[in-house]
Every structure is written in structure tokens, then in C-alpha cells.
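In what follows, a single structure is set out as C-alpha cells and then discussed.
Numbers for residues simply follow the sequence, beginning at 1. Computed from a predicted model, the values in this text were never measured in an experiment.
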Amino acid sequence: MYYIGIDVGTGSVRACLSNYSGKIIKYSSHPLTTWSEYGTYFMQSTENIWNSVVLCIKDVVDGVSVDKIKGIGFDATCSLAVVDANHDPVTVCPFGNKERNVILWMDHRAVGEAEHINSMKHEVLDYVGGKMSPEMEMPKLLWLKKNVQQSWEKIGKIFDLPDFLTWKATGDDSRSLCSLVCKWGFLCRNKGDCNWSASFLKEIGLSELLDNDCYKIGSRVLAPGHPVGMGLTESVANEVGLIPGTPVATSIIDAHAGVLGMIGCNGAQENMFEKRLGIVCGTSSCHMCLSTGPKFIKGVWGPYFGAIIDDYWLNEAGQSATGKLIDHIIESHPAYETLNEKIPKREIYAYLEDLLEKTAVSVGCSLEKLVKDLHVYPDFHGNRSPLADPDMKGMIIGLTLAKDELDLAKLYLATLQGLAYGTRHIIESLISGGYNITEIVMCGGLVKSKLFVQTNADAIQVPVLLPEENESVLLGSAILARVAAGHSESLAGAIMKMSCSASSVTPNVVTKRFHDAKYDVFRSMLDLQRHCSVVMSKE
């Protein structure tokens, strides 16, 4: 028997066919279109997304007996999707363009609205680390109400993108506890004490969302993995070539699916979950810890009850730009154009890492010390955690007039180090909040870089586990499907059945003194930027 896992990421839709034990048998991917304006507006289309989902499902079921496919799980970015009463797209773009009805997760148009919400000091904010991010949905909805009134008046339903997918597949308007507690301000103080806060919505200026039993934003909330409605509708089943009624699982956010897919690697029992930090590294990075009790940590999202696994609390930190930052650093360098002409873009990381290794050998020093005088502070798209400050900017110290490939390679390495120090800063906050982190489990596109992984292990001095099944996010969605199909009683049980082994990257203790020194510089750069902001605010 098989399960389908579907992951709607920032740049593509991906699908897999997994067997009963978690081995991925087939895989498919289709790109997505993203529109950008002003460097802070990022938009997508539900029609484009759903069409890509259909293509991916068709790919992975081709040649497979459909009666052996027992369930489907969806994950997606925590993006905001809106449709009208007829279920047609409603534009989120101030310039029209009807098809642009999704505000992508990384869109920062609602900074002012987030500041307004945070000024209210409502109890809801206690469960998001004290501050809502402009990447969350309530600031974006407030922005829509204020800036695109014509669209606001047309809205029939509003979804987090993972919930849009299960609604589209089943016709059932339930919502995922994962999306609502993590990105919508849905208040969940404990099991059985979860609700939309009427006082919060009224205070921030969105009281109309309470109308008709919260019809537009959903009132029936299910835990991840719970079966949705009656499964696939007949029309969708015919569209993708599956059997009507095939179970569909309540969805989850994409990074959170990655935690499902890797937290149990190497046969870890539940008592190990609290000691592992899961990091999903892609366009951005999400850092997630689970605990059996709530931990309130300033600047770290959560605690979120039941967001990933029943009866566990989640704390979620992150970096708003990781893979995107690395690409920006590379593509904005003078050497990039010539380099891109001679090697494919997908091979540039490996090329730069090889150049660094050869240079370290030729000059007789360890690789990390090639950039002892080059420092990158990586918050080019604001700081998600632990500062919760979207106004933070990137910084570089140590630039010269050089513009050759080696200069690019060094800047690439310094960027990897800066990102690792950002993770170290996050871990320090998690530890101060009561966590005891002994291992990092990592997945995502960036783990293909051995240098990225080793730099994190060295900078933090904690072992990094890399699951052998490198598609942890897709596996997480397949785990959801297994539970929805009734083949495991709980997500924790399904994790034990479908998790894989992992390799371990150990920290090089010889580098500890060097990274401690560079981390001090990292923290000094942070302090300097804040000082500069105070000085210039007087002008």
C-alpha cells in the first residue's frame, strides 16, 4: 500500500509516493509562478498552484494500481489565499490582476499593521513570542482591509494555503490547528481550550471576521493528520486519476512537515523529541523544538499546542532568508555573470566550495580562517528570531576592491558562517527558555552543501543529523496520510513506523575558539546596527 505526500513550497509543487515503511518510491515536481513588487510584495495564484498539484499527483500515480493508494497528505507554505463567494480568486494586488490571490509567506507589506497589532499587548501575543510577524496572516488581512478595499468586500473565504488545498481536494471547510495557532493568532491555551479570541479581533480592527460563526476564517478546527470530510471529491478524484473518497489528512505547514519526517530518525523514542532541534533549510529556515509543556520565550514563536504532534507544544524560530540570501550574495557579485556562463547555476555552490578547499591548502590554513576578517550579519530580510525585528538589515565588514571568483567564494563562506551564528543566537534563546538541545536534525535544499552543514556543526558545537531520506518534508506529508488512512493511531506512532536512519556530522572542536571569536563579532554587529538606528532616528 502507498501514501501520497504533497508539498507546496515557495518555488514549486512536489509530490511523492511513499510505501508503508516510509520509503519514497516515486517523485515529481512542477514549478510555480511568483510575482514580486517593490521588493516586499510577493504573490502567487491558487489556480497555478492547484494545476501544479494535479500534474504532480498524476505523475506519481502513473502506472500504479490506484486501489493501493490509501491516503493523501498536504503541506504548504503559510501563505494567505483568498476567494470570493463563488470560490473564484480575489486579487491581493493593489494593481488588480485577479489571478494574484495569494500573499506569499515572505511578503513584508504588512510591517506597519504588525506594529499596530503588537502595540495592543493582547494575550494572543504571549503565544507568538510577544510579537506578531508581518509574515503572519492577521497583519496581512489588516493590510488588505486598509489598502485593497474592493477586494476586501468581495472576500468569501480566507485560507492558509495548506487549508486551501484540503478544502479544494475534499470540499470540506475544516482548518488545521497547525496553521491557525502558528500563523493566525488562534488562541490555544491547552487541549480543549482553543478558540478565536473575539477581544483580539475587535481590538486590532478585524471584528467582521467573527461574523456568521467565523465563516470566512473557519470555525471547525482539526489536528494534523485527522481525516478531512469524506476524502477526495468525485470531481477531484477524476481529475487526478484516483478513487473518490480516498482519505485526505488535515494539513500542516511545510516546515512543520519536515519535522514530522525527521524528528524520529535513527529510531529516536518520544523522550528524545524534546532534545532535538529540527531545522528545515530552504529559501528561509525554520527552527523547531517540541516539549510536553508550554515554554514562553521572548522573540520565539509559540508555544503552540498540538501544532505538529498531539499533546506536544511547539516553539518555532527561524531566519527569513537563508537560501535566498546565499543566492542574493552570489548573484549580486561581479564574478557571478562570468561564472554562470561556464557552469550551471545548480553547481555553483560546489564549485565555490572546491575553490575554497584548494585555496586553504595552497595558503596553508584551515578553510574557515580564509575569512577571519570578513564578517556577514545575515538579516537582509529582517530578523524573525530571536529579535522579532523585521527592520533589521544585513551588514558586511571586510570588503575590498577584489571582484574575482575567490572573492565571491570567500563572501559565500562568510555568509554561511553568518547564518550559522544566527542559528547559534536562536539556540541560546531556546536554552534560556528551558530547552536542553543535544542534537540538531536538519533537512532541506541547503543540506546538499557539506560545507553548510559542517559550518553549523562547528559554529554551534552540536552534532547535526542528516536523515538518509532527504525528502523529509514530503515524508512528513506521507506520515499525515498514513494516519488519515487509519493505519496508525497517532502521529507519534506513525513517525516510529516511517522514520529512517541518519548520518551524523560531528563538530570539529579545533574550530571552537575561532567560531567563538567570530560569534562575538556577530553580536557586536547586531549591537552596532541598533546603535546606528538610534543615532539616525534623531535626524
Pair Tyr3 and His487, ring centroids less than 6.0 Å apart: yes
Ring geometry between Tyr41 and Trp143 (parallel below 30°, tilted from 30 to 60°, perpendicular above 60°): perpendicular
Thr511 side chain near Gln461 side chain, heavy-atom distance below 4.5 Å: yes
Parallel, tilted or perpendicular: rings of Trp313 and Phe305 (30°, 60°): perpendicular
Close side-chain approach of Trp184 to Ile158, heavy-atom, < 4.5 Å: yes
Cation-aromatic face contact Arg424/Tyr519, 6.0 Å, 45 degrees: yes
Distance (rounded to the nearest 0.5 Å) between Leu222 CG and Asp163 CG: 9.0 Å
Validation row: Thr438, Asn436 side chains within 4.5 angstrom (heavy atoms): yes
4.5 Å side-chain heavy-atom contact, Arg220 and Asp172: yes
Face-on cation placement of Lys497 at Tyr20 ring, 6.0 Å and 45° thresholds: no
Flag side-chain contact, heavy atom, 4.5 Å: Trp50 against Glu239: yes
Interatomic spacing from CG in Leu161 to OG1 in Thr77 - rounded to 0.5 Å: 5.0 Å
Test of ring centre spacing under 6.0 Å for Phe296 and Tyr127: yes
